[in-house]
Each structure stands twice: as C-alpha cells, then as structure tokens.
Amino acid sequence: MDRPALFIDGDWVSVPDDACVDVVEASTEKLLGRAALASVADIDSAVAAARRALVPWGAMDIAERSELLSRFADAVRARGTETAALVSRENGMPISKSLGSNGVAPALAIGYYAGLIREMAMEDVRPAFSGGNTLVRREPIGVVAAITPWNYPQALAAMKIGPALAAGCTVVLKPAPLTALDAFVFADAALEVGLPHGVINIVPADGPAGAHLVSHPGVDKVAFTGSTGVGRHIGKVCGELLRPVTLELGGKSAAILLEDMDLEDFVAKLPDVSLANNGQTCHACTRILAPRSRYSEVVDAVTDVVHGLRVGDPLESSTQVGPLVSALQRDRVLDYVALGRQSGARLTTGGVVPKDQATGWFVEPTVFADVDNSARIAQEEIFGPVLCVTPYSNEDEAITLANDSEYGLGGTVWTSDPERGLRLAARVDTGTIGVNHYGLDLHSPFGGMKSSGLGRELGPEGIAPYLRYKSVYMAPRQ
Ligand code: NAD
C-alpha cells in the first residue's frame, strides 16, 4: 500500500524515507501505508513540469485532448471500486457512500468535462460597436494549483482536474496528507493512457509546502477546497498577487421543516442529507429547524433514527456511520459535544465514544434538541455526526434562523407543497439548496455564499475559472 514517490513530469520521484507520512486506517488505528510528502524543492519541480507542458497541452487539437481525457476518465473509473475501499480505510467513509463518491463520481466529472469541451466554442466573432469585428477567444488560464481536503478526496480532486485539463490548463494537485495514498490513483490512470508528461503532477504536502505552491510565481490560478480559515488566508495571498482563486469552504447548513412536511420522508433521508460521511460533509444540513407545532414529534423522530444508525466498520456494506478521520477530529467533535452540554441544549442521543468501538475514531451519532441558534454548536462547523434541532414559530423566523449563519453552502426545505418550498428556498442565502432532498449535481454549479467560498465548481460554470478571455479587435477593411 506504500506510495513512497511523488508524480512529477510523468515520472515517479522518490523522496527520502523521513519525508514520507504515515497514513493510518481510521477504523483500526493501524498503519495503512506510507506516502511521499513534497518538499518546497519538489513543489518547484512540479510547477516547472506543469509550465513546460502548458503550451503543447493548451495547443492540442480539442478533439484529441477530449479523447485523451475520456480515456483518462475510463482509467480512473476502472480503478473505482478499489479506490473507494482505500478512501474508506483512510478517512472512515462508509463504503456504501464511498463507492459513489470516490468510485464513480470522479470519472463522471472528468468525462463530463471531456465531453463539454468538444461542444464549447473557444472563439467567436462579434460585430464591434465602432465598426469592424472583435474576435473573442477563450484560452486556458495556465498552470493550476489544485489543493484538496481529506473528506471527499477523489471527487474534489476530479472537480478541479476535469475542467482544468479540458480547458487546456496543466495541474499541480496537492492532496491532504491524511488521504495522500488515494491521490496517486490519478497518476496510475495518467500513465496508463499516456497523458503527456507534466500535464498532471501529484504532490501531497503539508501546510508550508502547500503555502509555497499557492504563492509560486509559476502558478496562474489556485483552486482550493478546505476550511474557511485556510481559505481566507489563501484568498489574502492570491489577492495580493492578483491571482485568480476559487475557494470552496466550510458550511453549517439548515434543513427547514415546514409544518406540512412528510416527517417519515425527512427522517428516511436524514442520514444522507445531514450525516453523510459521518458528518464530515461540507454541505451537510446539521441544523434542523422545526416548527413549534410539530417540534416534539420532530425531536423524537430524529432521535430515533439517529439512535438506530449502524455504527461500525466502514468497509461493511451495511454500515451507516464510520469513524472520523483522525484522533484529532474525534477529539474536536467531543469538545463540541461538551460545549453543547454546557450551552443548555438537551442531548437526546449519542455524545460519547461507542462502548463497543474502543479502537478507531468513532463518535456515536449525536442529537442536541432545544439548541439556541446563537450557540457555538449551531454556529460553528463541527464536521462530525452532531445535529442541532431548533424550534421556530413562523416562516419568517425560520428564514431568519437559517440565514443567521456565517456560512451559506447547502440547505433544504421540507414541505408537501413544492411551490412553497421553491419560494422559501429563494430566501435562503446559500449557494445550493434542495426541496425535499439534497443532491449535488454534476451538471449544475456548486459553491458557497458568505464564508462558504468564492466561485463555483461543476456544470458548464465550473470550466469558466480555468479560462481567460482575449478580445482581438479587427479593423474594417479599407
Ligand atoms: P484544511 O483547510 O485544513 O485543508 C485543506 C487543504 O489545504 C489540505 O490539502 C491542506 O494540507 C491544505 N493546506 C493547509 N494549510 C495550507 C496553506 N497555508 N496553504 C496551502 N494549503 C494549505 O481543510 P480539511 O480539514 O482538510 O477539510 C475540511 C474542511 O474542508 C471543512 O471545513 C469542509 O467544510 C471543507 N470542505 C469544503 C467543501 C466545499 O466544496 N465547499 C468540500 C469539502 C470540504
């Protein structure tokens, strides 16, 4: 399982043994494998390789580039089942979720952009206001630094690699050390299909080397997914450099339950909407806003369902909640549970390490009722299986509570009247929202408002950040 070499310029570059990181299995706390971490000098080599590859890759005939990318997507897909299991072992994601998110979605995203670029006009001629014409050209923006977190490592990387490579950019992918092993699957696939050297480079690294990549003079654009704190810092650095950046950051989304909702339907979908990947999901609806008229009914039903979730080995197909990614993350979540207790909220289930799971970084799925929306457990991203239920009196108050958040990434409205759901969804300050469910859609833009980020990924909009425009004015013939 060891991956002791980086992938730079189409080749494996070994690093000294002490430059490797231990990747530990979340459910057993045993060593899963050792992965190479890049030094500052390795980052320099990766950026240099991406720069050398940029002009030929960007100039390649689009049909040929699209064909190569489709084959790359196929090669990623062929490894999907194995990759999904690897990620589950790295970060604790239940295999039933991982098969879709890490096994299928990455290839779908890359394949989608391979198809999209064939249909996109890369230039058009517009009659100029003052006579003559303007040729408007879309060009690749250049070398992309793609920085990804550990929670959905494959899909989030593919959401950057796909549009970037399709646009004609080259990529330096910097995955998180906690899930460094799975990232090299993209290198295996690139080698198999013969992607030109330097088009994609894979250099897991820690903070300092990652910071070097962000400010590297050879980088033209940064695509970051991760925490709001780090995103803010990266945004500042890119602002100073006037370097384009997209930021996909944290969330604390609300599920607004209207009094006419189907409670049975809501709780059936709750594990997916609010607790996916053990709560380690940026758009999870971890705040549940319930009408006072049905409040105790909601608290009971949510508590019952969460209490009954199957916690265990993420590789078991029946497991609904696995361990958290690390001891640090588990302790962070338990600290939030303590804060919740101190806040006066009512713990209705969970809040402890499961008795039969002494090994692995498990936390019992947890529900707090009677949560004041100003409490830290309602305002801060916990990133674990902890839900807050808060009562509201009328629709306006529900919207005020939903919007009383630093974040604006996901959300849901639950009602038997979809038109009413749509009207309410329009009033929530968020980048994405669902009526009676939530689904991240490959064909539609995904991203946040407020402290949840800047810019969008996915859909046709997701390729725009990887393009720059050039207008060439052509004077009328004399
Ligand atoms: P993180 O911010 O700690 O790390 C994300 C990545 O940034 C990692 O690769 C890390 O090594 C790197 N990094 C850290 N400091 C850096 C620096 N100074 N310069 C460059 N790179 C640096 O986040 P995390 O803990 O890995 O992931 C969890 C967070 O990601 C949560 O807040 C979650 O909401 C967010 N997230 C957001 C989305 C989204 O699409 N909006 C999706 C998934 C996760």
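In listed order, ligands and their atoms are each counted from 1. None of the values given here were measured: they were computed from a predicted structure.
- For the residue pair Tyr336 / Glu380, a side-chain donor-acceptor distance below 3.5 Å is found, with atom types taken as modelled.
- Checked by atom type and distance alone, the side chain of Thr228 pairs as donor or acceptor with a backbone atom of Ser451 at under 3.5 Å.
- We find that Asp188 and Arg3 are joined by a salt bridge, their nearest charged nitrogen and carboxylate oxygen being less than 4.0 Å apart.
- Residue Pro149 has at least one heavy-atom neighbour below 4.0 Å for each of these atoms of ligand 1: 24 (P), 26 (O), 27 (O), 44 (C).
- Donor-acceptor pairing under 3.5 Å is recorded for the side chains of Asp42 and Ser39.
- In this structure, atom 23 (O) of ligand 1 lies nearest to the protein heavy atom Ser227 N, 3.3 Å.
- In this structure, Glu90 contributes its side chain and Asp182 its backbone to a donor-acceptor pair below 3.5 Å.
- Here the side chain of Ser27 pairs no donor or acceptor atom with the backbone of Asp313 at under 3.5 angstrom.
- Close approach to Ala211 involves these atoms of ligand 1, each under 4.0 Å from a residue heavy atom: 19 (N), 20 (C).
- For ligand 1, the polar-atom distance check against Asp206 finds no nitrogen or oxygen pair separated by under 3.5 Å.
- Each of the following atoms of ligand 1 lies closer than 4.0 Å to a heavy atom of Thr225: 5 (C), 36 (N), 37 (C), 38 (C), 39 (C), 40 (O), 42 (C), 43 (C), 44 (C).
- Near Ala176, with a cut-off below 4.0 Å to any heavy atom, the atoms of ligand 1 are 8 (C), 9 (O).
- Counting only N and O atoms by type, the side chains of His197 and Asp11 include no donor and acceptor under 3.5 Å apart.
- Residue-level proximity to ligand 1 for Thr148 is carried by the backbone, the only part with a heavy atom below 4.0 angstrom.
- Looking at Glu381 against ligand 1, only its side chain comes within 4.0 Å, counting heavy atoms.
- Residue, atom and distance of the protein heavy atom nearest to atom 28 (C) of ligand 1 are Phe383 CE2, 3.6 Å.
- Not one N or O of Ser452 is nearer than 3.5 Å to an N or O of ligand 1, by distance alone.
- At least one donor-acceptor pair closer than 3.5 Å links the side chain of Arg34 to the backbone N or O of Cys20.
- Contact atoms of ligand 1 toward Gly250: 32 (O), 34 (O) (distance under 4.0 Å to a heavy atom of the residue).
- At a cut-off of 3.5 Å, with distance as the only test, no side-chain donor of Tyr392 or Thr400 sits close to an acceptor on the other residue.
- Not close to ligand 1: Tyr152, with no non-hydrogen atom less than 4.0 angstrom away.
- Contact atoms of ligand 1 toward Val214: 20 (C) (distance under 4.0 Å to a heavy atom of the residue).
- By the 4.0 Å N-to-carboxylate-O rule, Asp220 lies too far from Arg468 to be salt-bridged with it.
- Within ligand 1, the atoms closer than 4.0 Å to a non-hydrogen atom of Trp150 are 24 (P), 25 (O), 26 (O), 27 (O), numbered from 1 in the order shown.
- Remark: minimum distance from atom 13 (N) of ligand 1 to any protein heavy atom is reached at Val230 CG1, 4.0 Å.
- For Lys97 and Ser88, the side-chain atoms include no donor-acceptor pair closer than 3.5 Å.
- Ion pair Glu25/Arg89 flagged as a salt bridge, since at least one NZ, NE, NH1 or NH2 atom sits closer than 4.0 Å to an Asp/Glu carboxylate oxygen.
- The shortest N/O to N/O separation between Leu409 and ligand 1 does not fall below 3.5 Å.
- Considering each of Ile147, Asn277, Val222, Thr179, the one bringing a non-hydrogen atom nearest atom 12 (C) of ligand 1 is Ile147.
- The nearest protein atom to atom 20 (C) of ligand 1, hydrogens excluded, is given as Gly210 C, 3.3 Å; this is a heavy-atom distance.
- A salt bridge does not link Arg330 with Glu29: none of the charged nitrogens is closer than 4.0 Å to a carboxylate oxygen.
- Looking from atom 7 (O) of ligand 1 to the surrounding protein, the closest heavy atom is Phe224 CE1, 3.2 Å.
- At under 3.5 Å, a nitrogen or oxygen of Leu249, whether backbone or side chain, sits near a nitrogen or oxygen of ligand 1.
- Here Thr281 has no heavy atoms under 4.0 Å from ligand 1, in either its backbone or its side chain.
- Side chain of Asn91 to main chain of Val325: no donor-acceptor pair is present (N/O by atom type, distance under 3.5 Å, no hydrogens or angles).
- Residue Gly207 holds the heavy atom nearest to atom 17 (C) of ligand 1 of all those in Gly229, Gly226, Gly207.
- Within the 4.0 Å cut-off (strictly below), no protein heavy atom is located near atom 4 (O) of ligand 1.
- The atoms of ligand 1 that sit less than 4.0 Å from any heavy atom of Asn151 are 43 (C), 44 (C).
- Scanning all protein heavy atoms for the shortest distance to atom 42 (C) of ligand 1 gives Cys282 SG, 3.0 Å.
- Judged by distance alone, the side chain of Asn201 and the main-chain N or O of Gly198 form a donor-acceptor pair under 3.5 Å.
- The nearest heavy-atom contact from the protein to atom 10 (C) of ligand 1 is Lys174 NZ, 3.8 Å.
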